[in-house]
Amino acid sequence: MEIQCKTSKEISGMGHPMKRKEDARFIQGHGRYIDDIKLPGMLYMDIVRSPYAYAKIKSINAEKALAIPGVLAVITGKDLEKYGLHWMPTIMSDTQMVLPTDTVMYQAQEVAAVIATERYIAADGADAVEVEYEPMKPIVDPHTSLDKDAPLLRPDKPGKTDNHIWHWEVGDREATDELFNKAEVTVKEQIYVPRIHVASIETCGCVADYDKIENKLTMFMTTQAPHAIRTVIALVAGHVGLTEEKIRVISPDIGGGFGGKVPVYPGYVIAIAVSFLVGKPVKWIEDRSENLQADSFARDYHMTCELAADKNGRIQGLRIKTLADHGYTDAAANPSKFPAGMYSIVTGSYDFQTAFTEMDAVYTNKPPGGVAYRCSFRVTEAVHAIERMVDRLALEVKKDPAELRMENFIKKEQFPYKSALGWEYDSGDYHAALKKAMDIIGYDELRKEQAEKRKEGKLMGIGISSFTEIVGAGPSRHFDILGLKMFDSCEIRVHPTGKAIARFGTKSQGQGHETTYAQIIAEELGIPAEHIQVEEGDTDTAPYGLGTYASRSTPVAGAAAAKAARKLRDKARKIAAYLMEVSEEDLEWEPGKFSVKGAPEKSKTIQEIVFAAYTNHPLGMEAGFEAVHYYDPPNLTFPFGSYICVVDIDNKTGEIKIRRFVAVDDCGNIINPMIVEGQIHGGLTQGLAPAMYEEFIYDEDGNLLNGTLMDYLVPTAVESPHWETDRTITPSPHHPIGAKGVGESPTVGAPPAIANAIVDALSHLGVTHLDIPITPFKVWKVLKEKGAAG
Amino acid sequence: MSKKSITLKANGAEHNVIVEPRLLLVHLIREVLNLTGTHIGCDTSNCGACTILLNGKSVKSCTLFAVQANGKEITTIEGLAQGGQLHPLQEGFKECHGLQCGFCTPGMIMRSCELLANNPDPTEEEIRWGISGNLCRCTGYNNIVKAVQYAANKMKGEAVTA
Ligand code: FES
Ligand code: FES
């Protein structure tokens with residue numbers, strides 16, 4: 001679909017495929033990531049981790065470690081206990097050990113920290129710390145977590161008598177049950193969305209730098225939400241005299257976040273505590289294995305899904321019961337009122353009469369989580385459930401899955417649409433997106449080819465996913481994190497010569513904010529994007545905001561940018577009227593200048609106007625040209641898309657080859673099509689990953705069997721197919737620039753498209769479902785079982 | 001541990017440094033020579049974020065000890081642009097949006113340097129296999145492939161488009 005640009009290429013407002021401003025430093029090795037920060041006198045921290053999933057700590061002996069020249073200290077939970085810092089809250093108001101005083105609860109849990117003058121010496125020290133454990137039988141399978149004889153994992157929580165964390169439900173249980181009792185057709189599947197990891201190529205880390213004389217903490221840290229972190233530090237460390245004005249959080253360049261850099265990990269807290277005590281900067285950088293093994297897992301939902309329909313495949317009701325494995329503590333990163341995130345988007349793109357979904361979360365002896373991995377809080381799990389179930393229904397009623405979708409989609413004219421589980425979808429045209437994807441891939445011919453192939457005994461499958469996302473948290477009525485409302489902000493200062501600096505409460509981790517935010521402001525003010533410098537990530541300079549995750553930057557901070565720029569445009573109009581001695585109503589705006597209606601030769605450029613704001617502003621008007629806006633969105637935005645995947649399967653080996661993958665996305669109005677496309681490519685590979693490769697596997701003792709990049713299979717350029725992308729454009733009616741989020745759509749949309757294609761290739765053998773990741777071995781076993789292996 | 005004196009050339013400049021024998025080359029580059037454009041993304045030699053050129057061959061600098069570079073010449077991302085002129089690969093990555101967070105980028109570019117030196121006209125398939133020792137979590141690889149093709153064309157003196 002053609003994008004209409006209102007500005008010239010020189011201005012490069014919305015819609016221009018402007019090259020990224022941030023790239024200059026990254027392609028020349030001048031990015032500044034956390035491990036690049038080096039301060040004078042800096043100490044290094046390394047962490048001793050538990051080899052056991054569940055064990056009593058009998059003793060910690062630091063003698064040998066302390067004997068190593070250069071090892072300065074070994075910090076244990078007992079040391080932190082003296083300052084009341086051995087526990088910390090999680091975002092979900094659960095609690096988590098910073099360092100244990102007596103028990104370890106998951107493998108790779110932090111047990112002690114070694115502080116040394118050099119990185120290698122710190123690692124030597126960590127090796128030399130002797131810990132004596134008394135291992136206990138862990139709970140690994142969440143299904144056994146609520147058994148009567150299961151050990152009580154959280155005796156630290158007053159009144160807790162079992163391992164149940166919370167129950168959550170939404171929808172009309174009775175109406176749904178009734179509907180299912182009467183339904184002509186019902187289908188049911190157990191669907192597991194496995195435990196996976198964000199695995200950003202940069203791990204987590206920090207440099208905590210406490211200056212004793214100034215009583216000021218500067219915390220360089222891989223965080224997606226620097227302001228929220230500052231407030232949390234102030235709340236947790238206020239009692240030792242560290243108040244919020246004395247805390248500066250700096251999030252430097254981030255090497256990928258994907259939700260894994262939202263939580264506070266124990267390493268950060270220990271580094272702050274040590275720096276505070278010794279008055280020197282302390283650096284902590286995770287190894288990859290530590291990163292995979294201990295932090296930021298995602299997903300891990302066991303879902304029992306049921307769909308009810310009439311015999312023609314007209315969808316009526318949805319019922320899902322989920323068991324959520326949170327590991328040792330609920331360290332999810334959801335808005336507080338949403339323990340299961342936005343899972344209730346699970347009715348997807350379809351017009352349901354009624355639905356009911358409930359969930360129980362339990363503790364196990366695995367690392368805590370789960371973070372929203374490139375997903376607006378549990379949307380990936382929801383989309384996987386509904387898109388798999390729609391295919392399941394199509395199989396049951398013997399209807400083509402595309403046709404079944406077309407018949408059940410919410411129609412364009414039904415928007416704004418109130419979903420059975422309570423959301424108000426802002427806009428959509430689901431039929432158009434699916435039709436476009438079908439046309440591009442040649443759907444009807446593929447179905448014919450598949451029929452031919454089947455006759456020859458060859459395995460080929462076509463999978464569709466027509467997902468609806470829900471992003472841009474969120475309206476302050478419902479959305480907060482630890483009480484902080486989920487608005488976001490933009491502050492624009494335009495200098496006398498007409499060049500600007502804009503600062504935001506968000507933080508890019510590769511999304512290209514330095515370019516896209518500049519384009520939004522360029523669109524509104526006509527100042528070339530080239531001359532708008534964007535800064536984020538320093539809490540001393542940026543306005544307060546909740547950060548970047550859950551595709552919220554464009555929906556929330558992007559809106560703030562437009563609103564702040566519009567305030568400036570209003571001021572510009574007043575100045576222009578004054579300069580040209582006409583009334584404001586007589587002026588007309590076109591990008592970059594105001595001119596007099598009917599006399600276009602009489603005009604003032606934005607640069608002339610800004611200069612006047614500093615040199616010749618009207619009497620009684622405030623001088624300068626600055627504005628700030630805190631945007632509280634009226635609703636979320638609902639991007640959507642239709643993906644089609646074609647696979648060929650080798651019946652001798654089970655090898656799955658993705659022949660083609662077409663993604664048609666709709667994220668409303670587009671700021672920069674090059675960046676949007678890049679976001680989609682990346683998300684598709686991150687959707688491919690759990691669909692075919694990635695899953696954490698634990699043995700019965702709670703040992704993680706694939707906790708390194710050697711055996712946790714992040715797709716390379718070889719596994720990743722050549723993605724084909726296209727778009728439709730359905731603007732958001734409530735967003736100031738009509739945009740929606742986009743970065744996560746492909747991550748949530750791709751897994752079911754791939755799974756559906758593989759199941760489709762095997763469906764004539766009686767296969768109705770396979771859990772992801774669907775590996776060649778899994779497929780080969782099925783083929784063997786069905787007597788179809790070559 | 002007795003330290004060793006080594007001499008090496010990094011991006012054209014001669015260095016004589018005294019190092020522990022166990023010091024990894026990547027740490028020498030990052031922490032001693034302060035060339036922080038070379039990154040570390042794993043501890044199992046899988047990610048390729050640390051890729052540099054050692055005597056013109058791409059290597060993962062986390063899999064070598066600094067002493068193994070004694071008497072050799074290394075090129076890192078900082079040494080790629082010549083006379084203020086970006087290398088065609090650097091230009092290609094920018095023009096084709098071949099990077100997002102930028103963390104894998106130096107390694108990808110250095111790896112692609114050798115790839116193009118060995119095969120100036122690679123197919124998409126050859127590029128994909130050629131960079132398969134380097135992980136990128138952001139881009140989905142489409143545009144990295146495009147960036148390498150862009151550079152290949154530019155290096156052959158052909159017209160280039162992003
Ligand atoms: S740091 Fe990952 S391969 Fe060298
Ligand atoms: S651009 Fe982020 S890892 Fe490649």
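The structure displayed is predicted, hence computed values, not measured ones. Per chain, numbering begins at 1; letters A, B, ... match sequence-line order.
For chain A, the nearby parts of Leu99(B) are the backbone and the side chain; heavy atoms of each come within less than 4.5 Å. Interface residue Thr139(B): only backbone heavy atoms are found under 4.5 Å from chain A.
Between atom CG of residue Asp43(B) and atom CG of residue Leu709(A) there is a gap of 7.5 Å, rounded to the nearest 0.5 Å. Atom NE2 of residue His39(B) and atom CD1 of residue Ile201(A) lie 12.0 Å apart, to the nearest 0.5 angstrom. Separation of atoms CD (Gln28(A)) and CG (Leu86(B)) is listed at 5.0 Å; rounding is to 0.5 Å.
Of the listed residues Pro746(A), Pro721(A), Gly743(A), the one with more heavy-atom pairs under 4.5 angstrom with chain B than any other is Pro721(A). Annotation: maximal heavy-atom pairing with chain B below 4.5 Å, among His30(A), Glu290(A), Glu202(A), occurs at Glu202(A).
The shortest distance between side-chain heavy atoms of Tyr120(A) and Leu24(B) falls below 4.5 Å. For the pair Arg128(B)/Ser720(A), a side-chain contact is recorded, criterion being any heavy-atom separation below 4.5 Å from C-beta on. Residues Arg30(B) and Asp35(A) have side chains in contact (heavy-atom distance under 4.5 Å, counting atoms from C-beta outward).
Under 4.0 Å is where a charged nitrogen must lie from a carboxylate oxygen, and between Arg137(B) and Glu694(A) at least one such pair does.
Applying the side chain to side chain contact (heavy atoms under 4.5 Å, CB included) test between Gln100(B) and each of His681(A), Glu22(A), Gln679(A) identifies Gln679(A) as the sole match.
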